[in-house]
J.: 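Sharing a structure with you now.
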There are 2 protein chains.
Amino acid sequence: MMRRTTEVTMGDIARMAGVSESTVSRALAGSSLVAAKTRQRISEIARNANFSINEQARNLALKQTRTIEVIFPIERGTLQQVSDPFFVDMLAVLTDELGKHGYDVLMSRSPPWDEDRPGCAFLGARADGVIFVGQGRHRSDIRDFARKHGKVVVWGAVSPGDDYCVVGSDNVGGARMATTHMLQLGRKRIAFLGDTDLPEMRQRFEGYCDALKAHDLPIDESLVIHTPFDIEKAREVSQPFVELFPRFDGIFACSDMIAIAAIANLRQAGIKVPEDVSVVGFDDIPSSAHVSPSITTVHQRIHRAGMLMVERLMGILEGGAPEPVVIETELIVRQSCGAH
Amino acid sequence: MMRRTTEVTMGDIARMAGVSESTVSRALAGSSLVAAKTRQRISEIARNANFSINEQARNLALKQTRTIEVIFPIERGTLQQVSDPFFVDMLAVLTDELGKHGYDVLMSRSPPWDEDRPGCAFLGARADGVIFVGQGRHRSDIRDFARKHGKVVVWGAVSPGDDYCVVGSDNVGGARMATTHMLQLGRKRIAFLGDTDLPEMRQRFEGYCDALKAHDLPIDESLVIHTPFDIEKAREVSQPFVELFPRFDGIFACSDMIAIAAIANLRQAGIKVPEDVSVVGFDDIPSSAHVSPSITTVHQRIHRAGMLMVERLMGILEGGAPEPVVIETELIVRQSCGAH
DNA sequence: TTCAATTTTGCAAGCGCTTGCATTTTTATG
DNA sequence: CATAAAAATGCAAGCGCTTGCAAAATTGAA
């Protein structure tokens with residue numbers, strides 16, 4: 001293992017090349033201000049000397065960070081439990097899209113507002129902008145943060161009052177489609193599995209209610225199950241729920257992971273999916289097409305979402321004030337709903 | 001949406017408070033060098049003025065970055081396709097553990113060696129250290145990088161010749177266990193699904209071969225299927241493979257995602273798991289316990305892995321040269337192997 | 001050969017923050 | 001009240017890089 005070679009700076013290179021630091025800077029930046037020959041020579045020297053530019057200094061001088069902070073507002077300590085592939089995909093898209101614009105992604109463990117540095121009354125500004133992937137239970141924190149810092153885009157439930165830029169799926173519409181689909185298949189008693197404390201899930205709940213109302217069906221509170229995102233917990237929570245069968249013949253799950261957990265419990269109880277119970281999920285995570293039964297679900301256009309968020313953030317960085325966007329969703333019919 | 005308020009600096013705060021910049025700096029850092037009263041007053045002013053410290057400048061002065069670069073060496077452009085929950089979990093653990101040590105995580109789109117800045121002959125040093133999650137097809141790149149930059153830890157296949165610090169699961173042992181398990185269940189013709197070009201998969205292949213040899217069974221090349229990680233592609237690749245049935249009665253899959261894809265194809269072809277074919281995966285991703293049949297798999301201790309990597313990286317940053325670690329794996333018996 | 005026009009290079013200030021050391025203020029003691 | 005010791009503050013020099021502007025070197029034409 002190699003020991004840290006004491007960092008070589010531009011000054012060093014300058015000395016080696018017998019030119020000034022500014023010439024090195026320009027040469028390495030490919031400026032046409034420095035003679036092509038010199039530029040080459042300097043590049044060469046820099047390479048041999050194993051020079052790495054100090055991005056911090058560079059960015060300080062340039063007054064930029066070229067970094068965007070991406071925050072997954074997941075309860076602290078729970079992060080370990082995420083595993084919802086939705087998040088990876090989103091992160092992947094964001095990383096890619098931001099990369100295209102020359103930005104790096106900084107993931108920090110904790111949201112900027114719960115800085116815990118002792119006696120520290122200020123937020124750290126380490127990025128040119130922030131993307132929140134999901135509002136979680138932190139709406140008001142995010143709002144405050146956005147008011148103070150401006151350069152913010154959030155993924156989540158889009159609602160009229162927002163004074164910051166939100167990009168999100170059409171949760172209401174998606175859930176309505178999903179529920180309606182089951183109703184049209186003749187199911188009458190459809191359960192809702194999700195955590196309505198989260199704004200997006202709240203919207204999905206609305207869509208679910210809409211669909212029921214449109215079919216003149218009542219909302220049976222005992223079939224609205226507060227189910228967390230985490231698959232292990234979802235499994236536990238849906239355990240007692242399945243015992244309610246046959247009081248329900250359909251399930252709208254707020255995420256594919258929840259659907260998977262629920263189906264596992266149903267099978268375990270000897271209840272057949274989709275014969276006895278029709279199940280529709282949300283997200284369209286990659287494995288939903290490959291599990292058995294494959295899961296009918298509401299597709300979220302994650303790639304498009306990531307692109308739009310980045311695009312909007314860039315707009316904000318340039319001084320604009322882009323509008324929020326609602327992204328349409330699509331029902332992907334597979335086996336779990338029983339539509340053949 | 002708020003417009004960018006022109007950044008307020010320490011100088012501004014100093015002026016407002018009628019003290020020098022250095023006092024502000026110390027006050028905000030909670031130094032006992034400045035009178036408690038003054039400290040409070042300054043904090044107050046800073047808060048009201050909505051001051052954010054410029055971490056870049058701070059870090060420059062402090063000669064640190066407090067940032068670790070985490071790289072998932074996934075082919076460029078493919079990133080979108082990851083979705084393997086293994087990665088999220090790893091990322092989550094790393095983010096958490098590094099956070100505990102006061103480090104942020106920088107995810108960059110591309111590995112440091114394929115910087116594409118025009119005319120740029122140098123690497124950007126933007127982090128105090130680098131963690132590679134997987135060596136992928138980039139072993140030699142990583143080795144070069146490690147030689148030059150030192151502060152590197154990689155997750156992947158641990159092998160004797162490494163001159164950098166590697167942390168990895170006992171792939172050989174895990175695969176051997178998995179395969180042996182099926183052999184003990186009476187299976188004779190076990191297929192291998194994975195991409196042996198990747199060092200870790202190569203090791204798993206070794207373990208697989210070991211087990212077969214120990215049982216005096218030949219290695220049937222036609223049952224060694226080059227299967228990529230991506231679930232969609234895995235599904236495609238294993239499609240023609242299942243038609244070989246009944247030439248095989250067991251499958252060792254290099255990841256749970258591959259196992260899930262293979263099982264989907266088997267079922268589609270009317271082949272029963274585990275009755276007709278016994279399947280064992282690798283990783284123990286969260287959903288493997290909840291799909292049907294639940295997947296017997298080799299558990300990777302991701303949390304421990306993340307902790308160890310961070311611990312080792314910290315060691316390196318302090319000038320040490322920690323040893324590589326092999327982390328033992330564990331066979332989790334569920335339904336897909338047919339062991340009841 | 002001379003001088004203006006051009007091309008290359010270097011100087012020095014500045015990015016926003018930290019910190020060693022000197023200076024000033026406060027406190028305690030004789 | 002003087003004075004030494006202790007506490008609080010400020011000065012100024014960095015951290016490694018960029019860049020406007022001035023200076024030096026080169027070129028070309030007269």
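In the text below, chain A, chain B and the rest are named by the order of the sequence lines, each starting its count at 1. Keep in mind it's a predicted model, so treat the numbers as computed, not measured.
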J.: How would you list all residue pairs meeting side-chain hydrogen bond (donor to acceptor under 3.5 Å, both in side chains) that involve residues 29-39 of chain B, not counting sequence neighbours?
T.: none

J.: Quick one: list whatever passes salt bridge (charged side-chain N to carboxylate O under 4.0 Å, His left out) with A:Arg41, sequence neighbours left out.
T.: none

J.: Restricting to salt bridge (charged side-chain N to carboxylate O under 4.0 Å, His left out), what partner residues turn up for B:Arg304, sequence neighbours left out?
T.: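 In terms of salt bridge (charged side-chain N to carboxylate O under 4.0 Å, His left out), with neighbours along the sequence ignored, B:Arg304 is linked to no residue.
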
J.: Please state how far atom CD in A:Gln56 lies from atom P in C:dG14, giving the value in whole angstrom units.
T.: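 Distance check: A:Gln56 CD to C:dG14 P gives 22 Å.
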
J.: Based on the rotation axes of five pairs at each end, what angle does the helix from C:dT1-D:dA30 to C:dG30-D:dC1 bend through, to 10°?
T.: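 Terminal axis comparison yields 50°.
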
J.: Does the distance from a Lys or Arg side-chain N to an Asp or Glu carboxylate O, for B:Asp163 and B:Arg147, drop under 4.0 Å?
T.: yes

J.: Among all residues two or more places apart in sequence or in another chain, which pass the side-chain hydrogen bond (donor to acceptor under 3.5 Å, both in side chains) test with A:Ser169?
T.: A:Gln300

J.: Nucleotide by nucleotide, 5' to 3', does protein get under 4.0 Å of the base (B), only the sugar-phosphate (S), or neither (-) in nucleotides 17-28 of chain C, counting heavy atoms?
T.: BSBB--------

J.: List in chain and number order the residues that pass side chain to side chain contact (heavy atoms under 4.5 Å, CB included) with B:Ala57, two or more places apart in sequence or in another chain; answer none if no residue qualifies.
T.: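 Checked B:Ala57 against side chain to side chain contact (heavy atoms under 4.5 Å, CB included); matches are A:Leu60, B:Asn54.
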
J.: Can you tell me the distance, in whole Å, between the CD atom of B:Gln64 and the P atom of D:dG16?
T.: 13 Å

J.: Could you tell me which residues satisfy side-chain hydrogen bond (donor to acceptor under 3.5 Å, both in side chains) with B:Ser20, sequence neighbours excluded, listed by chain and number?
T.: B:Ser22, B:Thr23

J.: Could you give the CG-to-P distance, from A:Leu60 to C:dA13, as a whole number of Å?
T.: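 My rounded result for the distance is 17 Å.
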
J.: Would you please name every residue forming a salt bridge (charged side-chain N to carboxylate O under 4.0 Å, His left out) with B:Asp162, sequence neighbours left out?
T.: B:Arg139

J.: Rounded to whole angstroms, how far apart are CZ on A:Arg15 and P on C:dG10?
T.: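 The answer, rounded to whole Å, is 13 Å.
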
